[in-house]
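Single-structure report; data block below.
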Amino acid sequence: MNDLGTPVLDNHIHLDRENQGIEAVKDFHRVGGTHLLLVNKPSWHLDVEAETGEDFRAVFEETIALAEEATEILRGRAWPVLGVHPGLVTRLTDERGFEPHEARDLMQAGLSVATEYVRDGRALALKSGRPHYDVTDAVWEASNDVLRHGLDLAADCDCALQLHTETTQDLSDVAEWAAERDVPRERVVKHYATGRLVGGTPSVMSEKEYIEVAIEEDEPFLMETDFVDDADRPGAVLGPKTVPRRVQWLLDDGHEDAVTVAHVETPEHVYGIDTVGTLGS
Ligand SMILES: [Zn+2]
């Protein structure tokens with residue numbers, strides 16, 4: 001086991017029991033990773049074709065179970081992040097005959113169920129967003145309604161909201177909606193970010209070039225892989241060892257401050273988690 005002398009948090013990772021599952025956590029741990037934010041996989045990847053908000057529970061509970069198993073391996077711990085993948089809107093409208101407003105209602109109901117787990121302390125944060133590909137105006141509006149519902153819930157349960165969105169460095173519209181609801185701007189986290197972001201906290205994909213941009217920006221940021229643990233898409237994203245390896249690279253390069261920002265200060269500020277205090281048990 002490699003000790004990098006600092007907490008090392010991957011802010012957005014998925015695990016699938018049918019694929020690498022806990023083996024990916026062991027890989028992460030072995031190279032110095034200590035903490036994970038484990039995001040539930042898209043519901044349909046677990047063969048859950050939800051018809052009501054309640055139907056998402058199986059997906060959420062599997063994520064909570066995996067986070068508990070991961071915590072047993074890690075020197076730090078894993079926390080579940082629960083929500084409804086924004087791509088579900090397309091699956092519902094294109095393949096299951098839903099109208100956009102019906103898809104919206106179902107996705108909002110799923111998010112409301114996710115919030116119950118945050119309220120009772122079994123999950124750390126929520127996840128929502130809108131498609132990263134072109135959609136009709138009606139689907140875009142429905143998706144933004146879902147996203148705003150996510151903000152309502154984040155305000156309600158006093159938690160952070162991870163977002164999957166279109167490729168952009170400007171989420172000013174979302175920041176405005178967050179402000180209207182008194183959700184602190186930093187609690188809006190853009191997953192799959194490129195290093196620079198207006199309107200929230202970037203969770204930077206751990207490519208060297210993006211991390212370099214984040215360091216230049218000199219703003220709070222997080223690091224992630226979006227490892228999807230999907231046997232059909234082995235090269236689609238970064239592997240589970242990437243964040244610890246990038247932390248090693250940053251430390252070798254004298255960027256201790258950036259490591260503290262991404263793995264201690266920003267997690268504290270955004271989620272209220274103590275990555276130092278939860279280490280080593
Ligand atoms: Zn993801």
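No hydrogens, no waters, no symmetry mates; every other heavy atom, side chains included, goes into these values.
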What's the shortest heavy-atom distance between V188 and A178, and which atoms?
CG2-CB, 3.9 Å
Taking CG in D94 as the centre, count heavy atoms belonging to other residues, nucleotides or ligands within less than 6.0 Å. Is the count above 12?
yes
Under a 4.0 Å threshold between the charged nitrogen and the carboxylate oxygen, would E69 count as salt-bridged to R17?
yes
Could you measure the distance from the CZ atom of R119 to the SG atom of C159? Nearest 0.5 Å is fine.
9.0 Å
Could you tell me the separation between the CH2 atom of W79 and the CG atom of L38, rounded to the nearest 0.5 Å?
12.5 Å
Could you pull out the closest heavy-atom pair between P220 and P202, with the gap in Å?
O-CD, 3.5 Å
In this structure, are over 12 heavy atoms from other groups packed under 6.0 Å from D120 atom CG?
yes
Any donor-acceptor N or O pair under 3.5 Å, side chains T194, Q169:
yes
State plainly whether the residues K241 and D10 are in salt-bridge range, i.e. N to O under 4.0 Å.
no
Non-hydrogen side-chain atoms of L251 and V259 separated by less than 4.5 Å:
yes
Hey, are the side chains of D158 and R187 touching, using non-hydrogen atoms and a 4.5 Å cut-off?
yes
Does H45, at its NE2 atom, have more than 12 non-hydrogen atoms belonging to other residues, nucleotides or ligands within less than 6.0 Å?
yes
Chi angles and distances behind the salt bridge (charged side-chain N to carboxylate O under 4.0 Å, His left out) call for K41, D229
CA-CA 9 Å; K41 292 199 80 169; D229 202 4; over 6 Å; no
Looking only at the side chains, is there a donor atom on one of R30 and N2 sitting less than 3.5 Å from an acceptor on the other?
no
Smallest separation among heavy atoms of I13 and P240, with atom names:
CD1-CB, 4.3 Å
Is W249 reachable from V261 through a run of I, L, V, M, F, W or Y residues, each pair having side-chain heavy atoms under 4.5 Å apart?
yes
CG on L147 to CG on L161, rounded to 0.5 Å:
6.5 Å
Should the ring pair H12 and H14 be called parallel, tilted or perpendicular, given that the plane angle runs from 0 to 90° and is split at 30 and 60?
perpendicular
Between E116 and R57, does at least one N-O distance fall below 4.0 Å, as a salt bridge requires?
yes
For T6 and V8, what are the C-alpha separation, side-chain angles and deciding distance, and is it a side-chain contact (heavy atoms from CB on, under 4.5 Å)?
CA-CA 6 Å; T6 170; V8 175; 4.2 Å; yes
L126 side chain reached by Q162 side chain, heavy atoms, under 4.5 Å
no
S203 and E224: side-chain donor and acceptor closer than 3.5 Å?
yes
Other residues, nucleotides and ligands only: do more than 12 of their heavy atoms fall within 6.0 Å of CG on D134?
no
Do NZ/NE/NH1/NH2 and the carboxylate oxygens of D156 and R181 come within less than 4.0 Å?
no
Which ILVMFWY residues can you reach from V264 by hopping between side chains whose heavy atoms are under 4.5 Å apart?
V276
Main-chain N/O of T52 paired to D55 side chain as donor or acceptor, under 3.5 Å:
yes
Nearest 0.5 angstrom please: E265 CD to F221 CZ, how far?
10.5 Å
Over 12 non-hydrogen atoms of neighbours within 6.0 angstrom of CD in E95
yes
Spacing of F56 atom CZ and Y117 atom OH [to the nearest 0.5 Å]:
12.0 Å
For Y133 and T90: C-alpha separation, side-chain torsions, deciding distance, then whether side chain to side chain donor-acceptor pair (under 3.5 Å) applies.
CA-CA 10 Å; Y133 44 85; T90 300; 2.6 Å; yes
So, do I73 and K26 sit near enough that their side-chain heavy atoms are less than 4.5 Å apart?
yes
Taking C-beta and beyond as the side chain, do N40 and F60 meet within less than 4.5 Å on heavy atoms?
yes
S143 side chain to V139 backbone, donor-acceptor under 3.5 Å:
yes
Short N-O contact, E219 and R196, less than 4.0 angstrom:
no
4.5 Å side-chain heavy-atom contact, V174 and L163:
yes
For L171 and L197, what are the C-alpha separation, side-chain angles and deciding distance, and is it a side-chain contact (heavy atoms from CB on, under 4.5 Å)?
CA-CA 7 Å; L171 285 180; L197 182 70; 4.2 Å; yes
Quick one: do L111 and V146 satisfy side-chain contact (heavy atoms from CB on, under 4.5 Å)? Show the steps, please.
CA-CA 8 Å; L111 271 174; V146 174; 3.8 Å; yes
Where do Q20 and F227 land on the side-chain contact (heavy atoms from CB on, under 4.5 Å) test, with the steps shown first?
CA-CA 11 Å; Q20 290 187 46; F227 176 64; 3.7 Å; yes
Among side-chain atoms of D170 and S172, is any donor-acceptor pair under 3.5 angstrom?
yes
Within-4.5 Å side-chain heavy-atom neighbours: T201 and K190
no
Pick from R75, H35, R77: which one makes a side-chain hydrogen bond (donor to acceptor under 3.5 Å, both in side chains) with T278?
H35
Does E49 reach the side chain of R91, with side-chain heavy atoms less than 4.5 Å apart?
yes
ring-ring contact (aromatic ring centres under 6.0 Å, His included): pairs with one or both residues in residues 152-190, sequence neighbours excluded:
H85-H164, H132-H164, H164-H191
Please say yes or no: joined through hydrophobic side-chain contacts below 4.5 Å, possibly via intermediate residues, are L36 and Y271 part of one cluster?
no
